[in-house]
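Reading through the structure tokens given below for one structure.
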There are 2 protein chains.
Amino acid sequence: MSQRGPYAKGVAKREEILGRALEIVARQGYRGASVQVIADAVGLSQAGLLHYFGSKEELFTAILRKRDELDHLSRAAPSDPRDARDAFVQVIAHNSEVPGLVELFSRLAVEAADPEHPAHAYFLERGEVLRETIVATLAQLRRPPALPPETLARIVQAAADGLQLQWLLDPTVDMAATMEALLNALAQEGHP
Amino acid sequence: MSQRGPYAKGVAKREEILGRALEIVARQGYRGASVQVIADAVGLSQAGLLHYFGSKEELFTAILRKRDELDHLSRAAPSDPRDARDAFVQVIAHNSEVPGLVELFSRLAVEAADPEHPAHAYFLERGEVLRETIVATLAQLRRPPALPPETLARIVQAAADGLQLQWLLDPTVDMAATMEALLNALAQEGHP
DNA sequence: GTCTATAGAATGATAGAC
DNA sequence: GTCTATCATTCTATAGAC
């Protein structure tokens, strides 16, 4: 399980730090999440923490990548369309438990508009993978689509991101239920 | 046209400032839009500008309100559903011309999650009005809805906000065309 | 690898003169 | 109402010792 070669220990420690940082951000929120705060939480000095990540922006980008990994978002989606839908909805439902991560994600999504931002590539890649998964899932439904699959995928992604903004503003919004309703409607599309 | 009573001049000047600030933010972007930068652009000192708005957060909230006003978003939507749809799509199309405002909107949407933030009420109200308009428009279609109108309205709003994030990240994304496709699909819902 | 200390900068807000 | 000047924070990044 342990990695070989140079940096093996460094990599392991880095992962350990990320795991803890993830929990902190999830609970305490990104609000004013300075490098100092994260450093305290993981038991390092500010400089000690930056030693592993180089900059604040890279640190928070790494946190988002780690989150995707833990959410199994890097795995292939289930082959059955209903299972894929359920998995997607469950990830969204779980997001309700980690407001700080939703806030971090949404905030970086805006800041990463700058091509120079370390998270720029992350968001581009993540969006592409997500939409490809959605397109593949829709293809398995073999239903006459009212819209091009790529367009539908973009809309589903947009709905997921937009629901997060609504939920951050008003936590009574049920992101998962709303998304499930949308996906069910899409699956029945053209079959009233 | 001119207002009477106390503050009349102050209000007018405030509006004038907002109009210019709006143009600046629209073009130059919100990136690093400090109070100082806006102040320079409108021909005031930093302190002079804050005299009218009290704080940075209130200034930027006022800019968003002014934008809605200029976009006629405070007006009632056209009674014909197709006209309402077209008006909505046109606002979105226009947004492509003002990236800085889209960035400002998206950024404040996250920060306003905090109930103490001056823009919190703005986003709550704006969302409610928008969704009510969508619900009212959908009702005029008199079609059997696959989803509760409130849910659909939430999804349309979410899609609009989410598409902005995608577009900020990748300006080749066509927000207006995607939204139009969604709205057309909704209008045909249950009528393949 | 980790810490202490500090540089260095940016910015929002306020006091007070005019 | 507007400006100048200044305060007061906050935070990232780096240098250098251990």
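These figures come from a predicted structure and were not determined experimentally. Per chain, numbering begins at 1; letters A, B, ... match sequence-line order.
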What's the CG-P distance between D40(A) and dT4(C), to the nearest Å?
-> 11 Å

Provide, to the nearest angstrom, the distance between the CG atom belonging to L50(A) and the C1' atom belonging to dT6(C).
-> 15 Å

In whole angstrom, give the distance that lies between atom CG of L44(A) and atom P of dT4(C).
-> 11 Å

pair D68(A)-L64(A): side-chain heavy atoms closer than 4.5 Å | no

Find the distance Q36(A):CD to dT9(D):C1' and express it as a whole number of Å.
-> 14 Å

Quick one: Y30(A) OH to dC11(D) C1', roughly how many Å, whole number?
-> 12 Å

Euclidean distance, atom CD of residue E58(A) to atom C1' of dT12(D) [Å, nearest integer] = 13 Å

S45(A) near the nucleic acid: base, sugar-phosphate alone, or nothing, with a heavy-atom cut-off under 4.0 Å?
-> base

Test of ring centre spacing under 6.0 Å for Y30(B) and F105(B) | no

Using side-chain contact (heavy atoms from CB on, under 4.5 Å) as the criterion, point out the one residue from D80(B), N184(B), T137(B) that pairs with R85(B).
-> N184(B)

Taking atom CZ of R20(B) as the centre, does the number of heavy atoms from other residues, nucleotides or ligands within less than 6.0 Å exceed 12?
-> yes

Could you give the NE2-to-P distance, from H51(A) to dA17(D), as a whole number of Å?
-> 18 Å

Interatomic distance where NZ belongs to K56(A) and C1' belongs to dC11(D) [whole Å] | 8 Å

Any N/O donor-acceptor pair, Q46(B) side-chain to dA13(C) base, under 3.5 Å = yes

A47(B) side-chain proximity, nearest of dT2(D), dT14(C), dT4(C) = dT14(C)

